[in-house]
Amino acid sequence: MSNYFVFTDEAGAYERRPSDAHIRSHPFYIRSNVLMDIDDYRQYQIEMQRIAGEYEIPFDEEIKWSDLWRKIKRNPRNDLIARMPVNRLKGYYRKIFETAVGKESTRFMFTVTDIVGRTCDLNSDTVYRFHMQDAFQRIQMDMRSENGFATFVMDELNADTIRQIKAACHAFTMQGDFVRYKHLYQGVLIENSLYSPGIQLADYAAGVMNGYLRGKIVSPGNYQFATDLYDEFIKPRMRCHANGKVVGYGVIDIPKHTAFRGQIETIFDT
């Protein structure tokens, strides 16, 4: 039996009644889920330490995906980012993805809520629950097929959001839905991203998907760096059906049955 971690992180911010300004800043709410078996992750941690040394990143610092955009806008988060040229920062992200997909078990899956199209009218508790529940259901299916076991790990967020997500995950895994969660840890573990290369990778994956969708829907032709990373590293390792279909398997729309489904099918399945 194989054991896995599923590192999950978010990009964007959800609001039930978003203003135009909110939509410009956060056209999507996305959760990334990065699956890696424990043996591969053990090696990945070691390699991340080497990469941090190569890029002169102190042990008590981390690089976030948002650092790239703050750097481009000349508003670096700290001195580490201020000193790093943009091309070197991009090289760091590329090195991370290259290392991650060098592990045979690495797979990516995303849940996405369309905000720019105003297709979601659910409260935040329900949206968070649906994002986690859809991810849990699909990982449970994968683990059942190989008699594996997976544990979800997420970044520390604000206390209210953590409470919402932990309560939702415990409720649907214990009380049940149409899936019986026998191959998953019945909840979600919380870790500080500073101490977790896996959560940092999930942050980068969520950022790439955010940029990729912006470049396809909001601002066609822009966000080329995110598009390049998606095409080179994420697309080949995206969870999908045996026939290659991605929507509903590796990219899941929350909620279902809106006009957004047709948009993402055009993007990912044609």
Side-chain angles (χ1 to χ4, degrees), residues 4-19 21-23 25-35 62 64-66 108-141 143 150-196 198-207 209-210 213 248 250-258 260:
Y4 293 82
F5 287 125
V6 183
F7 298 99
T8 181
D9 201 16
E10 64 181 7
Y14 178 74
E15 285 189 5
R16 187 174 188 177
R17 300 283 190 270
S19 66
H22 180 90
I23 288 174
S25 297
H26 307 288
F28 309 100
Y29 175 72
I30 299 167
R31 287 211 72 89
S32 65
N33 300 275
V34 184
L35 180 75
E62 66 173 303
K64 300 177 180 293
W65 178 257
S66 59
F108 298 94
M109 179 177 65
F110 302 85
T111 52
V112 184
T113 294
D114 171 38
I115 299 177
V116 66
R118 300 180 187 271
T119 58
C120 184
D121 187 30
L122 301 171
N123 63 47
S124 59
D125 283 14
T126 302
V127 169
Y128 294 147
R129 178 170 62 83
F130 282 174
H131 275 260
M132 298 304 295
Q133 191 167 12
D134 269 275
F136 269 61
Q137 287 172 355
R138 284 156 180 79
I139 297 298
Q140 163 62 26
M141 294 173 192
M143 294 298 100
T151 300
F152 276 75
V153 186
M154 68 180 295
D155 192 12
E156 293 179 340
L157 302 170
N158 67 72
D160 288 341
T161 302
I162 289 174
R163 175 187 56 78
Q164 290 173 331
I165 292 177
K166 287 179 72 72
C169 292
H170 185 69
F172 66 69
T173 56
M174 293 297 292
Q175 297 171 5
D177 45 28
F178 66 90
V179 175
R180 299 181 68 185
Y181 297 95
K182 292 185 175 182
H183 295 267
L184 295 180
Y185 176 81
Q186 293 177 330
V188 59
L189 301 183
I190 307 298
E191 177 62 286
N192 187 322
S193 61
L194 174 63
Y195 311 126
S196 174
I199 293 176
Q200 292 171 30
L201 175 61
D203 169 48
Y204 305 156
M209 179 56 72
N210 190 26
L213 286 176
V251 177
I252 301 102
D253 47 327
I254 308 292
K256 311 291 191 300
H257 310 301
T258 74
F260 187 55

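Fair warning: this is a prediction, and the values are worked out from it, not measured in the lab.
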Quiz item: Does the side chain of Val34 come within less than 4.5 Å of Phe108's, by heavy atoms?
Solution: yes
Quiz prompt | Distance-minimising heavy-atom pair for Gln164 and Ser124 | solution = NE2-OG, 3.9 Å
Quiz prompt | Ile165 vs Arg31 side-chain heavy atoms within contact, under 4.5 Å | solution = yes
Quiz item: Does a sphere of radius 6.0 Å around CZ in Arg180 hold more than 12 heavy atoms from other residues, nucleotides or ligands, not counting ones at 6.0 Å or beyond?
Solution: no
Quiz prompt | Leu189 vs Thr151 side-chain heavy atoms within contact, under 4.5 Å | solution = yes
Quiz prompt | Whether over 12 other heavy atoms sit under 6.0 Å from Lys182 NZ | solution = no
Quiz prompt | Any side-chain donor near an acceptor of the partner, Thr119 and Asp114, under 3.5 Å | solution = yes
Quiz prompt | Contacts of type side chain to side chain contact (heavy atoms under 4.5 Å, CB included), residue Asp203, not counting sequence neighbours | solution = Asp9, Lys64, Trp65
Quiz item: Is the distance between the ring centroids of Phe172 and Tyr181 under 6.0 Å?
Solution: yes
Practice problem: Run through Tyr4, Phe136, Phe5, Phe7 and flag the one making a ring pair (Phe, Tyr, Trp, His ring centres under 6.0 Å) with Phe152. | Solution: Phe136
Quiz item: Which residues satisfy the side chain to side chain contact (heavy atoms under 4.5 Å, CB included) test with Ala13, sequence neighbours excluded?
Solution: His22, His26
Exercise. In plain terms, say whether Asp125 and Arg129 are close enough for a salt bridge, that is, a side-chain N and a carboxylate O under 4.0 Å apart.
Key: no
Quiz item: Tell me, do Leu122 and Tyr14 make a side-chain contact under 4.5 Å, heavy atoms counted?
Solution: yes
